[in-house]
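Chain identifiers are assigned alphabetically (A, B, ...) following the order of the sequence lines, protein sequences preceding nucleic acid strands; residue numbering begins at 1 within each chain. These numbers come from the heavy atoms of this one structure, side chains and all, not from hydrogens, waters or symmetry mates.
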There are 2 protein chains.
Amino acid sequence: MKPAVRPAAAAAAAATEGPRFQEVLDALHADIVDGRVGIGERLPTEQELCLRFSASRYTVREALRRLQDLGLIARRQGSGSVVTAARPDGRFHNALSSLAEIGQYASSTRLEVLAVEKVLVEGRTAELLQSPPDTPWVRVVALRRQPEERTPLCYTEVFLPAAYADVAQAIGTFPVAVYAVLESRYGLRIAEVVQSIEATSADANLASRLSVEVGTPILVVIRHYLDAEGNVLEVAVNSHAAGRYRYEMTLQRTG
Amino acid sequence: MKPAVRPAAAAAAAATEGPRFQEVLDALHADIVDGRVGIGERLPTEQELCLRFSASRYTVREALRRLQDLGLIARRQGSGSVVTAARPDGRFHNALSSLAEIGQYASSTRLEVLAVEKVLVEGRTAELLQSPPDTPWVRVVALRRQPEERTPLCYTEVFLPAAYADVAQAIGTFPVAVYAVLESRYGLRIAEVVQSIEATSADANLASRLSVEVGTPILVVIRHYLDAEGNVLEVAVNSHAAGRYRYEMTLQRTG
DNA sequence: TGTCATTTGTGCGTATGTATC
DNA sequence: GGATACATACGCACAAATGAC
């Protein structure tokens with residue numbers, strides 16, 4: 001789904017300034033999360049909503065469709081729209097617990113490439129890449145932004161084996177996750193992704209890139225993409241300023 | 001217009017019998033999975049698709065919308081529709097980040113309880129617990145330590161519904177995760193755990209508890225334990241000093 | 001830099017199909 | 001059967017983002 005960020009709203013009553021359906025969406029969303037329409041209860045019909053909001057059926061249906069995408073309601077032809085969950089899950093963060101979701105994330109944000117360079121890794125970097133020293137890699141430095149947001153969401157360094165250098169060149173030109181390009185262009189198959197998350201603080205470089213002060217807490221997410229033999233095909237280091245990002249995942253018990 | 005009895009079109013191999021958009025959807029889907037439109041390439045424009053399929057823009061957009069929901073394409077205003085994946089699967093699942101692992105962690109460390117108190121939650125805390133204000137909960141404050149280490153690994157606040165207060169009393173006396181105690185003593189069953197990870201900085205309280213300076217980066221892991229109906233049975237807020245803890249997980253592709 | 005054609009996003013009105021009650 | 005309510009579908013118009021010039 002889309003971030004749906006609206007431009008500040010015109011003070012007074014309705015805080016809804018963006019698209020027309022946003023007003024309907026916000027109102028219904030509030031009804032649900034605040035419990036005015038409980039789980040199992042039905043929302044008003046499309047026609048009633050058209051009247052209440054003086055909007056066309058298209059607009060109302062767009063709002064309902066988004067509620068459905070959020071998993072808050074279920075719709076049944078001939079019956080109506082039933083509230084299925086009141087999960088107040090915030091929307092300004094990402095749930096990345098599957099590769100598909102990483103791809104989703106990649107395509108809903110924009111990557112602005114700052115530099116692409118070949119490097120011979122050594123020292124700590126070689127350790128990070130689980131690579132012997134003096135091996136050639138390509139290093140891509142980039143900022144990830146949300147549409148309409150000025151401050152970047154994330155400072156990213158992506159490392160790829162030098163053999164895949166032309167993929168590095170293509171990063172950012174289309175809204176596709178890097179791993180997906182690797183798989184399609186080189187016939188590779190990612191079998192496993194190892195994620196590591198920790199907190200650090202911003203050094204001078206990061207502070208400058210992310211427009212924060214030195215020392216600001218940073219959430220670092222490092223992903224190693226491995227093939228079935230355990231070879232490292234890509235390493236991405238994502239640094240997020242505190243408060244701009246939250247990593248969320250769901251563990252479900254099977255059986 | 002009568003979409004009802006479609007004249008089967010000139011469709012020789014028209015296996016598409018359902019709605020009009022299904023034909024468009026199937027054709028585009030096949031183009032993608034069969035690789036006729038590769039990852040990173042663009043689909044035809046809406047207008048071109050209208051012509052090709054002799055369908056209205058509504059119909060074409062419905063098909064594109066579904067491809068988007070499947071995660072196969074990304075659409076950008078002014079730009080077009082780009083193929084982002086050739087398979088809808090991408091099914092990775094959490095191999096090493098499971099309920100069992102949380103239990104492992106709990107039993108390999110020691111919990112030192114600092115305080116147990118009943119509280120009526122309100123404001124931000126109520127929001128955190130997804131609980132109505134003025135509801136009674138039990139709050140347990142504790143430090144988690146590794147054996148033989150002096151500095152604590154983590155500052156923890158656990159919230160439980162007041163009904164389970166005696167579990168709170170028992171926390172720390174045996175090396176079992178709190179959720180396991182809840183399950184065995186009350187016959188509850190945790191169906192889902194939602195984890196949220198973010199970075200903040202240490203306030204005075206945290207700094208003192210964790211023996212770090214104020215402002216030190218902190219990795220906060222919040223877990224909501226839910227039953228099958230979505231009721232919150234436990235909320236744990238774990239604050240780790242930077243450098244003392246790293247959250248690691250592996251996503252494995254199942255297909 | 002800004003203009004301009006292209007392309008998707010939003011929105012309206014209308015009509016018919018089809019599932020539910 | 002009939003009434004209700006959502007699903008599908010057409011045509012039109014303008015807004016907003018993009019990319020090329």
Report task. Determine whether A/L28 and A/L64 make a side-chain contact, defined as any pair of heavy atoms from C-beta on separated by less than 4.5 Å. Result -> yes

Query raised in the report: How close or far is atom C1' of D/dT4 from atom CD of A/Q47, stated in whole angstroms?
Result: 9 Å

Query raised in the report: Could you give the CZ-to-P distance, from B/F21 to D/dC10, as a whole number of Å?
Result: 12 Å

Requested in this report: In plain terms, say whether A/R65 and B/E62 are close enough for a salt bridge, that is, a side-chain N and a carboxylate O under 4.0 Å apart.
Outcome: yes

Report task. Have a look at B/R61 and say if it touches a base, only the backbone sugar-phosphate, or nothing, with a 4.0 Å heavy-atom cut-off. Result -> base

Query - Euclidean distance, A/Q195 CD relative to A/N238 CG, rounded to 0.5 Å - result: 9.5 Å

Query raised in the report: How many Å lie between CD on A/Q68 and P on D/dA7, as a whole number?
Result: 7 Å

Report task. Send over the distance from B/R76 CZ to C/dT8 C1', rounded to a whole Å. Result -> 11 Å

Query raised in the report: How many Å lie between CG on B/L25 and P on D/dT8, as a whole number?
Result: 11 Å

Query raised in the report: Taking for each residue the nucleotide of DNA chain C bearing the nearest heavy atom, is the 5' side occupied by B/G80 or by A/Y58?
Result: B/G80

Query - Protein-nucleotide distance (B/L51, atom CG; C/dT6, atom P), rounded to Å - result: 14 Å

Query raised in the report: In whole Å, what is the span from the CD atom of A/E46 to the C1' atom of C/dA15?
Result: 15 Å

Report task. Provide, to the nearest angstrom, the distance between the CD atom belonging to B/E62 and the P atom belonging to C/dT8. Result -> 16 Å

**Report entry** Minimum heavy-atom distance between A/V212 and A/T216, given as atom pair plus value
**Finding:** CB-OG1, 3.7 Å

Query raised in the report: Below 3.5 Å, does any donor atom in the side chain of A/Q77 face an acceptor in the base of C/dG17, or the other way round?
Result: yes

Report task. Answer yes or no: does a side-chain N or O of A/S79 lie under 4.0 Å from OP1 or OP2 of C/dT20? Result -> no

Query - Closest-nucleotide ordering on DNA chain C, the 5'-leading residue of A/S54 and B/L43 - result: B/L43

Query raised in the report: What orientation do A/Y179 and A/Y225 show, parallel under 30°, tilted 30 to 60°, or perpendicular over 60°?
Result: parallel

Report summary line: Judged by nearest nucleotide, the residue sitting upstream toward the 5' end of DNA chain D, B/R42 or B/R57, is B/R57

Query - Short side-chain N/O contact from B/R75 to OP1 or OP2 of D/dA17, under 4.0 Å - result: no

